[in-house]
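Naming convention: chains lettered A, B, ... in sequence-line order (proteins, then strands); numbering from 1 in each chain. Owing to the predicted nature of the structure, the values given are computational and were not obtained by experimental measurement. Scope of the values below: all heavy atoms of this structure, side chains included, with no hydrogens, waters or symmetry mates.
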Protein chains: 2
Amino acid sequence: MEHRIDNIKKQLHAQSYKLTPQREATVRVLLEREEDHLSAEDIFLLVKEKAPEIGLATVYRTLELLSELKIVDKINFGDGVSRYDLRKEGAEHFHHHLVCIECGSVEEIVEDLLKDVEKIVENDWQFQVKDHRLTFHGVCKQCQKITIKS
Amino acid sequence: MEHRIDNIKKQLHAQSYKLTPQREATVRVLLEREEDHLSAEDIFLLVKEKAPEIGLATVYRTLELLSELKIVDKINFGDGVSRYDLRKEGAEHFHHHLVCIECGSVEEIVEDLLKDVEKIVENDWQFQVKDHRLTFHGVCKQCQKITIKS
DNA sequence: ATTTCTGCAAACTGTTTGCATCGTA
DNA sequence: TACGATGCAAACAGTTTGCAGAAAT
């Protein structure tokens, strides 16, 4: 945990940004809730518990900054809200998501399943891939059981 | 073209919706600009050229309806705007996109490159896939050339 | 002293909703 | 006549921006 904060601090410093208390509080929330896919508002409320003076605009600005530095990835599951997801340590590519259309849960796939597909795209379409977004929409394990029961 | 309109008309009727003049005008714009990835506003302006009385709300309502019937797919490339993309005739799955981070162009991949990945997800994660969204971000053919030149 | 960052409020953008009206079964 | 569909304007939600003050270098 602490070493990840340090790491992020270094990445900020490398681009001559500071890890201010507000930014640190935001990053800590992201670390603590790494499994979740929080919206800016969610993050704001959680940060506020630790640092009540913080403003929503600062959270947005911090998230934008972290996005630019590729420390977090901004995703959008189709509801109008942006969500922010910490990159896994050392991950080159953004991980994939499984969104359940029944219960709304979001599961993560950390394995890169797109290596082959990416090669095809680079060869056949001459497109130089830098990043990707892959989301599957469907029914999660739990909801499949429930559907069978009912 | 006309047979596709007819087809959509039938799909609407099957769910007891009507293909009103406004809806038809909207669908025609989508057909004419199938290659593009238009926002609601874009579509509104184009529809307005043919049917100046139409309101933006109607366009939104039409697009929502077409989305529900899976005639169009709603996508979001990360700028805050929803874009609407006609499903290819008979396509089961949504096609993929290549978004160029230099020039913003969007290319489509109609081939389903995810068959294998989907199998893996269904087997290893017990997740029943219904649909997917796959977008690659990177540098398109044209922009690669330009970058080399400069 | 200069520059960066913050908090607040106001502004903005894309989208949705309420409601009176219109069109058609 | 009844009901879905429309146009308009107002409402809304999420996000961004301008600005004056605070913090850090």
Side-chain angles (χ1 to χ4, degrees), chain A residues 8-29 37-69 71-85 104, chain B residues 8-9 11-29 37-69 71-85:
Chain A
I8 290 169
K9 194 178 197 168
K10 274 175 207 151
Q11 292 182 65
L12 286 169
H13 284 170
Q15 315 263 350
S16 53
Y17 293 113
K18 305 167 203 166
L19 185 63
T20 63
Q22 293 89 335
R23 288 178 183 164
E24 182 169 338
T26 305
V27 169
R28 282 186 187 278
V29 164
H37 298 80
L38 304 171
S39 68
E41 187 89 30
D42 295 338
I43 295 167
F44 170 60
L45 292 173
L46 289 166
V47 173
K48 223 171 175 175
E49 288 175 12
K50 311 180 172 192
E53 354 65 59
I54 201 169
L56 180 54
T58 301
V59 172
Y60 272 105
R61 285 188 276 233
T62 301
L63 292 170
E64 205 204 325
L65 178 59
L66 295 174
S67 272
E68 270 167 34
L69 301 191
I71 293 166
V72 309
D73 283 298
K74 196 173 174 180
I75 15 162
N76 198 306
F77 292 131
D79 55 345
V81 206
S82 292
R83 294 166 188 287
Y84 298 85
D85 214 352
Chain B
I8 289 169
K9 195 179 197 166
Q11 292 183 65
L12 286 168
H13 286 169
Q15 314 263 353
S16 56
Y17 293 113
K18 307 167 200 163
L19 185 62
T20 63
Q22 292 89 336
R23 286 177 185 166
E24 183 169 336
T26 306
V27 170
R28 280 185 188 278
V29 164
H37 298 80
L38 303 172
S39 67
E41 187 89 29
D42 295 336
I43 296 166
F44 170 62
L45 292 173
L46 289 166
V47 174
K48 222 169 177 182
E49 289 176 10
K50 311 180 172 192
E53 353 66 59
I54 202 170
L56 179 55
T58 301
V59 172
Y60 271 105
R61 285 188 275 234
T62 300
L63 292 170
E64 204 204 327
L65 179 59
L66 295 174
S67 270
E68 270 168 33
L69 301 191
I71 294 166
V72 308
D73 283 298
K74 196 175 174 179
I75 15 161
N76 199 304
F77 292 131
D79 54 348
V81 207
S82 291
R83 294 169 187 284
Y84 298 86
D85 215 351

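Two residues, A:Pro21 and B:Lys18, neighbour DNA chain C, and the one matched to the more 5' nucleotide by heavy-atom proximity is A:Pro21.
A:Glu53 comes within contact range of the sugar-phosphate backbone alone, with a heavy-atom separation under 4.0 Å but no base atom that close. If you check every strand for non-hydrogen atoms under 4.0 Å, B:Arg61 touches a base. Counting non-hydrogen atoms under 4.0 angstrom, A:Ile54 reaches the backbone sugars and phosphates but no base.
Rounding to whole angstrom units, CG of residue A:Asp79 and C1' of C:dG14 are separated by 14 Å. Rounded to an integer number of Å, the gap from CZ of B:Phe44 to C1' of C:dT13 is 15 Å. The CD1-P distance, from B:Ile43 to C:dG14, rounds to 14 Å in whole Å. The OH atom of B:Tyr17 sits 7 Å away from the P atom of D:dA5 (whole-angstrom rounding). Whole-Å rounding puts the B:Asp42 CG to C:dG14 C1' distance at 12 Å. As rounded to whole Å, 17 Å separates atom P of C:dT4 from atom CG of A:Leu19. Nucleotide C:dT24 holds its P atom 13 Å from the CD atom of B:Glu24, rounded to whole Å. Following rounding to the nearest Å, A:Asn76 (CG) and C:dG14 (C1') show an atom-to-atom distance of 12 Å.
No donor-acceptor distance shorter than 3.5 angstrom exists from the side chain of A:Arg83 to the backbone of A:Lys74, with no hydrogens or angles considered. Between the A:Thr62 side chain and the A:Thr58 main chain, a donor and an acceptor come within less than 3.5 Å of each other.
B:Ala40 and B:Leu56 make their closest contact through O-CD1, 4.4 Å (heavy atoms, listed as atom of the first residue, atom of the second, distance).
OP1 or OP2 of C:dT15 sits under 4.0 Å from a side-chain N or O of B:Ser82. Residue A:Gln22 places no side-chain N or O under 4.0 Å from the OP1 or OP2 atom of D:dA23. Considering only side-chain N and O atoms, B:Thr20 lies nowhere under 4.0 angstrom from the phosphate OP1 or OP2 of C:dG23. Using a 4.0 Å cut-off, some side-chain N or O of A:Thr58 falls inside it from OP1 or OP2 of C:dG7. For B:Tyr60, no side-chain nitrogen or oxygen approaches OP1 or OP2 of C:dT16 to under 4.0 Å.
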Show your working on side chain to side chain contact (heavy atoms under 4.5 Å, CB included) between B:Tyr84 and B:Leu38 and close with a plain yes or no.
CA-CA 6 Å; B:Tyr84 298 86; B:Leu38 303 172; over 6 Å; no

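Side-chain contact between A:Leu12 and A:Leu65: present, with at least one pair of heavy atoms (C-beta onward) separated by less than 4.5 Å.
Here the nucleotide nearest the side chain of A:Ala57, chosen from C:dC8, D:dT15, D:dA5, is C:dC8.
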